[in-house]
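Sequence lines set the chain letters: A, B, ... in the order given, protein chains first and strands last, and positions in each chain run from 1.
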Amino acid sequence: MTNSNPTAPERYNAKDAEPRWQEAWAQAKIFETPNDDPRPKYYVLEMFPYPSGRIHMGHVRNYAMGDVVARYKRAKGFNVLHPMGWDAFGLPAENAAMERKVNPRDWTYANIGTMRGQLQSMGLSLDWSREIATCDPAYYKHQQRMFLDFLEKGLVTRRTAKVNWDPVDHTVLANEQVIDGRGWRSGALVESRELTQWFFKITDFAEELLGALDGLERWPEKVRLMQKNWIGKSEGLEVRFALTRAVHEQTEVKVYTTRPDTLFGAKFLAIAADHPLASALAAGNPALQTFIEECRRIGTAQEAIDTAEKLGFETGLKVRHPLDPAWELPVYVANFVLMEYGTGAVFGCPAHDQRDLDFANKYGLGNTPVVCPEGQEAASFVITDTAYDGDGRMINSRFLDGMSAHEAFEAVANRLEAEVLTGKPVAARKVQFRLRDWGVSRQRYWGCPIPIIHCESCGPVPVPVADLPVKLPETVSFDQPGNPLERDHAWRNVPCPKCGAAARRETDTMDTFVDSSWYFARFTAPWLTDAPTERKAVDHWLAVDQYIGGIEHAILHLLYARFFTRAMRETGWSGVAEPFAGLFTQGMVVHETYKDEGGAWVPPAEIRFESEAGERKAFHVKTAAPIAIGAIEKMSKSKKNVVDPDDIIASYGADTARWFMLSDSPPERDVIWTEEGVQGAARFVQRVWRLVNAATQAAGDGAADLALRKAAHRALAGVGEDVERLRFNRCVAQVYTLANALDEALRGGAVSPAAAQEAAGILVQLIAPMMPHLAEECWQALGRPGLVAQAPWPQVEAALLVEDEITLPVQINGKKRADVTVPRDADAKAVEAATLALEAVQKVLEGKAPRKVIVVPGRIVNLVV
RNA sequence: GCGGACGUGGCGGAACCGGUAGACGCACGAGACUUAAAAUCUUGCGGCCGCAAGGCCGUGCGGGUUCGAGUCCCGCCGUCCGCACCA
């Protein structure tokens, strides 16, 4: 190429070009989005970052993907909203404050400044005029307003509850934030504590949140399933078991069951250690008291639960079987019954529940099988140490015998609902959810203050809307553990808004997941000072058409946001129920790990590679000591396998980093960051630049035009389709294919200037969403007017996508033996004739006719001989 | 334990509704240019046999359906993810 083109351009200089084009875009304000644009809207959003300090490769991948969609949709004629903001409240700021004696606000805003600069150096097409930070009173003021609205609507409550206490972060955590019994952030084993907390009543929407999942067709099936399981709906029966003697006026125990069909297999009743009946009994029973305390102690540590034995305490109480008053069952207090689920009491059917069986075997309660698997003799069906929880025919169950389990469920439910024995129903059908209300109180400083004032006589009083925001105090000290708001008397002590008496502010702040539950709505009109949203704007822009982020938020953030949007609908701040119409969960960025001979982790920047007998070996750049290449893992500081985006952008440019991020792996899978891969991307950047410049020099007679134009339009059609489906790795492959075709055509010398420039122009527009700076530079080199970022997406010429002749594979008995070339519209008969005329086919047939000929038009020919 | 996803060259991966397995890239081999290196260019690259033409085998393993299976069905094996005393 260099030889054939004496006017060869210099190498493309990303360092020079990238800031230049970023400045040009900013000057032209082309990424600032008006709300009143008549074109169809498209809202693309990536999960906003926590300003932890610097961006990491995960951010680069996330935002590169979103930017491809934004730029593509803009070229397709949409009015695209693509904003950015900061999820700016959170514990790291407080930890930094404690460790480094800096103010959390200063620390946060310094990080925002750094990270904003880094994102801008990536050349993202963001509307920075809509930037928001959740720690800004101008943002959280509206969150406080909505909190009060929710409170008025009954969507917020305050109650005492057993909560997850993180002893390291000194705060309460929601159920969703406890992973494997540990705090999601601190990793500390959580403890159970009884505290008075504010709750968002997400359970009010359990049914709706579950039902609406089916409508989220552009969500990954996996995420929908995870949410479905998390909400955990079950349908069963609440059955009242009458006690044979009253205990402190309690005459019955309510039990929730999803298997009323197995009621005749019941052997015992078990209640939770926290059950009111257990407490009542314990009052006069020290042994039981000890047992209950033991249960509570074990209950706090999740790990213990996994290994803990099923333990019970026989109370001596008896209950009557609801289907046979003469049948009495013993009542146990058991460590495996949860007060939080159902009624805090279960009936045990050992034959058909493993846990009940373990318990029954331990205490010698026996078992009676009542569901017999198909094909099994009822007489010989015995349960010893493995319960049977499958389907079958009812046995040993009086009036249920012979029914299916499902029929028996209905029969029992019907009979107990219309109870004939006592004249009143002893059971009711009930739907039960696993989902708990969302506890939002956090005993931390760096969060959105809960706008409540506690008054001795009036109770919790909402701060008047006119007094919002309740701002965090500016000066705080972190020299003692605990929440500094508690100690800030000037801030805390205020008069009651209702009666004027001395009162005190709520010192808990909101879970930071509240902040991120509505930011996408705020982006639609972030300039409003007197309301969280403008209905016209929010209803126009929502739902987000394409949301992109990590799978780790499959439940947490994505469930909270779905709830919050509904709560906003209930309070009039939005007319939309679902915030995200399309969701994409991208994979992580992973990297090899390296260890030196001493077992210490070594960062990739300190390693050089050599190939010895085809084997890749690593050495330390300075000491030349051999380095062991370890497993490929998520980039993490602890394993030192991180690559800083700044370093990559400085040495290769943003386009190279973006291109590599999009090229190798399917976006939903993990991508392995490799030096070779980045270099490959960098080579391609230069190759595009050379090709585009060479295209301006084309001077052929046009003999190769048609083939090149076909290649260009095939790529155009393919990339369009693949961007729509977020298959960026395939887009990249198509671009390479077109680059190869253009290269070959130019080298052949038979391509006309017009066709060369058309193909080069298409190539540039195809890479523009992915490598926007290079694309602008090339666009200019081609002499095209304006910015490629503003150019409409080229039209595919459909005629160029069809071939006049097609080549079909010919199989004989299912094995490929030849090819046959026929006109595109040849019918089956013509294809058959052409196939049979092939020399290779005739040789096999030896004059005989094939037994069968299968012609799939446009696809394949198969001969059976 | 329950629920789900996945398994294709040395590597990342492609293959639409069952129709040419391995697109595209990376790595690697050979060669050209160069004093040399980088860059660039040419070329090879699933395995086995063969000078070649060509043939045989091949998508985790074992069966099945089909003219035809990476794709569908049944049974294993392995990896990853989510939930987990939920009655």
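- The minimum heavy-atom distance between A/Pro322 and A/Val426, with the atom names listed, is CB-CG2, 4.4 Å.
- Remark: P of B/C2 and CG of A/Asp353 are 13 Å apart, rounded to the nearest angstrom.
- Across all strands shown, A/Arg224 has no heavy atoms under 4.0 Å from either base or sugar-phosphate atoms.
- If you measure from atom CG of A/Leu766 to atom P of B/C24, you get 17 Å, rounded to the nearest angstrom.
- Separating the C1' atom of B/U40 from that of B/U34 is a span of 11 Å, rounded to the nearest Å.
- Salt bridge status for A/Glu221 with A/Arg224: present, with a side-chain N to carboxylate O gap under 4.0 Å.
- Distances were taken from every side-chain heavy atom of A/Ser665 (C-beta onward) to each of B/C16, B/G12, B/C24; the shortest belongs to B/G12.
- Here the nucleotide nearest the side chain of A/Ile860, chosen from B/G4, B/A14, B/U20, is B/U20.
- The pairing partner recorded for B/C56 is B/G47, the criterion being a Watson-Crick or G-U wobble arrangement whose two distances lie under 3.5 angstrom.
- Residues A/Asn641 and A/Thr593 bring no donor and acceptor atom of their side chains to less than 3.5 Å of each other.
- Taking atom CG of A/Leu225 as the reference point, atom P of B/C2 lies 16 Å away to the nearest angstrom.
- For the C1' atoms, the distance from B/G7 to B/G70 is 11 Å, rounded to whole Å.
- Taking atom P in both B/C49 and B/U43, one finds a spacing of 27 Å when rounded to whole Å.
- Straight-line distance between the C1' atoms of B/C80 and B/G9: roughly 22 Å, to the nearest whole Å.
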Donor-acceptor contacts, no H, no angles, side chain residues 676-684 of chain A, under 3.5 Å, sequence neighbours left out:
from, atom 1, to, atom 2, distance (Å)
A/Gln679, NE2, A/Glu675, OE2, 3.4

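- Dashed line: the shortest gap from a side-chain N or O of A/Arg434 to OP1 or OP2 of B/A84 is under 4.0 Å.
- Contact annotation for A/Arg683: backbone-only contact, meaning every heavy-atom pair under 4.0 Å involves sugar-phosphate atoms and none involves a base.
- Closest contact between the side chain of A/Asp743 and the listed nucleotides B/C41, B/C67, B/A39 involves B/C41.
- Taking the side chain as every heavy atom from C-beta outward, A/Leu738 and A/Val719 never approach each other to under 4.5 Å.
- Anti is the conformation of B/C26, whose glycosidic angle sits further than 90° from 0.
- Residue order along RNA chain B, read from the 5' end via each residue's closest nucleotide, puts A/Asp664 first among A/Ala733 and A/Asp664.
- Checked against B/G13, B/C67, B/C41, the side chain of A/Arg747 finds its nearest nucleotide in B/C41.
- Across all strands shown, the partner of B/A30 is B/U42, judged by Watson-Crick or G-U wobble contacts whose two distances both fall under 3.5 Å.
- A donor-acceptor contact under 3.5 Å is formed by the side chain of A/Arg355 with the base of B/A87.
- Set against B/G68, B/A87, B/A15, the side chain of A/Arg730 has B/A15 as its closest nucleotide.
- Nearest to the side-chain atoms of A/Lys816 among the listed nucleotides B/U20, B/C67, B/C81 stands B/U20.
- No engagement by A/Val853 is indicated, since no non-hydrogen atom pair under 4.0 Å with the nucleic acid exists.
- Within 4.0 Å (heavy atoms only), A/Tyr736 reaches sugar-phosphate atoms of the nucleic acid but no base atom.
- For the residue pair A/Asp358/A/Gln354, the side-chain donor-acceptor check at 3.5 Å is satisfied.
- At a threshold of 4.0 angstrom between heavy atoms, the contacts of A/Val856 include nucleobase atoms, whether or not backbone atoms are also involved.
- In this structure, the CG atom of A/Leu738 is 15 Å from the C1' atom of B/A23, given to the nearest Å.
- One interatomic measurement links the two molecules: NE2 of A/His591 to P of B/C11, which rounds to 19 Å at whole-angstrom precision.
- Taking atom P on both B/C45 and B/A53, the two are 11 Å apart, rounded to the nearest angstrom.
- Salt bridge status for A/Asp743 with A/Arg687: present, with a side-chain N to carboxylate O gap under 4.0 Å.
- Nucleotide B/G58 carries an anti base; the chi torsion (O4'-C1'-N9-C4 or O4'-C1'-N1-C2) is more than 90° from 0.
- Checking B/C6 for Watson-Crick or G-U wobble geometry (two distances, each under 3.5 Å) identifies B/G78 as its partner.
- The gap from the C1' atom of B/U59 to that of B/A15 amounts to 11 Å, rounded to the nearest Å.
- Proximity note for A/Trp230 (side chain, C-beta onward) versus B/C83, B/C16, B/A21: the nearest is B/C83.
- Only the C1' atoms considered, B/G19 is 12 Å distant from B/U66, to the nearest whole Å.
- If you check every strand for non-hydrogen atoms under 4.0 Å, A/Leu338 touches a base.
- Nucleic acid contact class of A/Asn729 (heavy atoms, under 4.0 Å, all strands): sugar-phosphate only.
- With B/C85, B/U20, B/G13 as the candidates, the nucleotide lying closest to the side chain of A/Lys310 is B/C85.
- Atom CG of A/Asp722 is separated from atom C1' of B/C24 by 12 Å (rounded to the nearest Å).
- A/Phe433 places its CZ atom 18 Å from the P atom of B/C86, with the value rounded to the nearest Å.
- Nucleic acid contact for A/Glu676: sugar-phosphate only, since backbone atoms but no base atoms lie under 4.0 Å from a heavy atom of the residue.
- Distance noted for atom C1' between B/G50 and B/C56: 12 Å (whole Å).
- Residue contacts shown for A/Ser663 are absent, as no nucleic acid heavy atom lies under 4.0 Å away.
- Distances were taken from every side-chain heavy atom of A/Asn740 (C-beta onward) to each of B/G25, B/A15, B/A21; the shortest belongs to B/G25.
- Taking the centre of each ring, A/Tyr363 and A/Phe268 stay at or above the 6.0 Å mark.
- Between A/Asp819 and A/Arg436, it is A/Asp819 whose nearest contact on RNA chain B lies nearer the 5' terminus.
- Side chains of A/Ser234 and A/Tyr256: a donor on one and an acceptor on the other come within 3.5 Å.
- Protein atom NZ of A/Lys815 is 14 Å distant from nucleotide atom P of B/U20, rounded to whole Å.
- In this structure, the nucleotide among B/U20, B/G68, B/A15 sitting nearest to the side chain of A/Arg727 is B/A15.
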